[in-house]
Amino acid sequence: MAGSGQLARRTLSGPSWVRGSGPAVLNRLRDAAVVQPGFLTTAEEETLSRELEPDLRRRRYEYDHWDAAIHGFRETEKSRWSEASQAILQRVKAAAFGPSQTLLSSVHVLDLEPRGYIKPHVDSIKFCGATIAGLSLLSPSVMRLVHTQEPGEWLELLLEPRSLYILRDSARYDFSHEILRDEESFFGERRVPRGRRISVICRSLPEGVSPGELGQPPPAC
Ligand code: OGA
Ligand code: MN
C-alpha cells in the first residue's frame, strides 16, 4: 500500500524540515519538536512585520556580551496587538497550546540581524512553562536541538519564513536549542543563507504560577 510505505519512510527520516541524529530521537520527539511550514500567509507575515518594525527600529542591535545567549539582536515584549495580529496569535495558541495552558501575557519579539545568532540554551524553567511556539519572519534559519546529557542526540529544524515551530516537554526541557550563525547555517548538506530574521515567540506560563506572580522575565526567558 503506497500510503503505509510513505508513512514508514516518514517515521524513519522525519518530514523534510526536521533532521536528526537517528530514527529513535526523531520518533521520540515527533510531537515535541514540530515545524509547520507555511503557517502564515505572505499577507500575515507582512501584517506582523509592518506592525513590529516601528517598535524594533527604535532599538539598537546588541553584541558582544560575553555571557549572553544571543548576539546581534534587538527585542521587545509586546502585549498590545492590532486585531489582525491578534487573530494570527490566536491561531498559534490553538495550534501549539493545550486548553489547560496559560500563556505569558506578553509575546517576545526577537529581531536577529543577518550575522546575529542564538547560542545553545534552555529557556528558564522559572519563567516559562512546557511549551514554546515561534513564528519565523523574513529569513530562513536553522534551529539545532542537542540533548543536554547525550550530545550525540540532536535534531535540526529548518525554519523557513512563515513557518511555526513548537518545542514542548522533552524538546523544551532535555534539549538545548540554538539558531545557527550564517557561517554554520546548514540543514544537512543544504546551505541556508541567513538574512535578517524576526521571530514572534509565545510561551506558556509555568504550571501552578499565576501571571502576576512572575515579575519581569529576563530577555531570553
Ligand atoms: C529565545 C529563543 C528562538 C527564536 O529567545 O530564547 O530561543 O526563534 N529564540 O528566535
Ligand atoms: Mn530560547
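Order of appearance sets the numbers: ligands from 1, and atoms from 1 within every ligand. Just the heavy atoms: all of them, side chains too, but no hydrogens, waters or symmetry mates, feed the values below.
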**OP:** Could I get the full list of side-chain hydrogen bond (donor to acceptor under 3.5 Å, both in side chains) partners for Gln86, not counting sequence neighbours?
**Re:** none
Original post:
Would you call Arg74-Asp111 a salt bridge at under 4.0 Å N-O?
Top reply: yes
Original post:
Charged N to carboxylate O under 4.0 angstrom, Arg196 versus Glu53?
Top reply: yes
Part of [X] with heavy atoms under 4.0 Å of ligand 1, whether side chain, backbone, both or neither:
X: Ile132; result: neither
X: Ile118; result: side chain
X: Ile201; result: side chain

If you count the atoms of ligand 1 from 1 in the order shown, which ones are under 4.0 Å from a heavy atom of [X]?
X: Tyr165; answer: 3 (C), 4 (C), 8 (O)
X: Ser199; answer: 4 (C), 8 (O), 10 (O)
X: His108; answer: 5 (O)
X: Asp123; answer: 6 (O)
X: Arg203; answer: 1 (C), 5 (O), 6 (O)

Original post:
Does at least one non-hydrogen atom of His121 fall below 4.0 angstrom from an atom of ligand 1?
Top reply: yes
**OP:** Please collect all side-chain hydrogen bond (donor to acceptor under 3.5 Å, both in side chains) contacts where either partner lies in residues 137-148, sequence neighbours excluded, each pair once.
**Re:** Ser141-Arg197
Subject >> Check: Ser163 side chain, Leu159 main-chain N or O, donor-acceptor pair, under 3.5 Å >> reply: no
**OP:** Check each of Leu137, Ile88, Leu164, Val92 against Val200 using the side chain to side chain contact (heavy atoms under 4.5 Å, CB included) test, and report the only one that passes.
**Re:** Leu137
Subject >> Atom nearest to the Mn ion (ligand 2) - Asp123, N, O or S atoms considered >> reply: OD1
Original post:
Are Tyr117 and Glu183 close enough, and set up right, to give a side chain to side chain donor-acceptor pair (under 3.5 Å), and what steps lead you there?
Top reply: CA-CA 10 Å; Tyr117 61 97; Glu183 300 93 292; over 6 Å; no
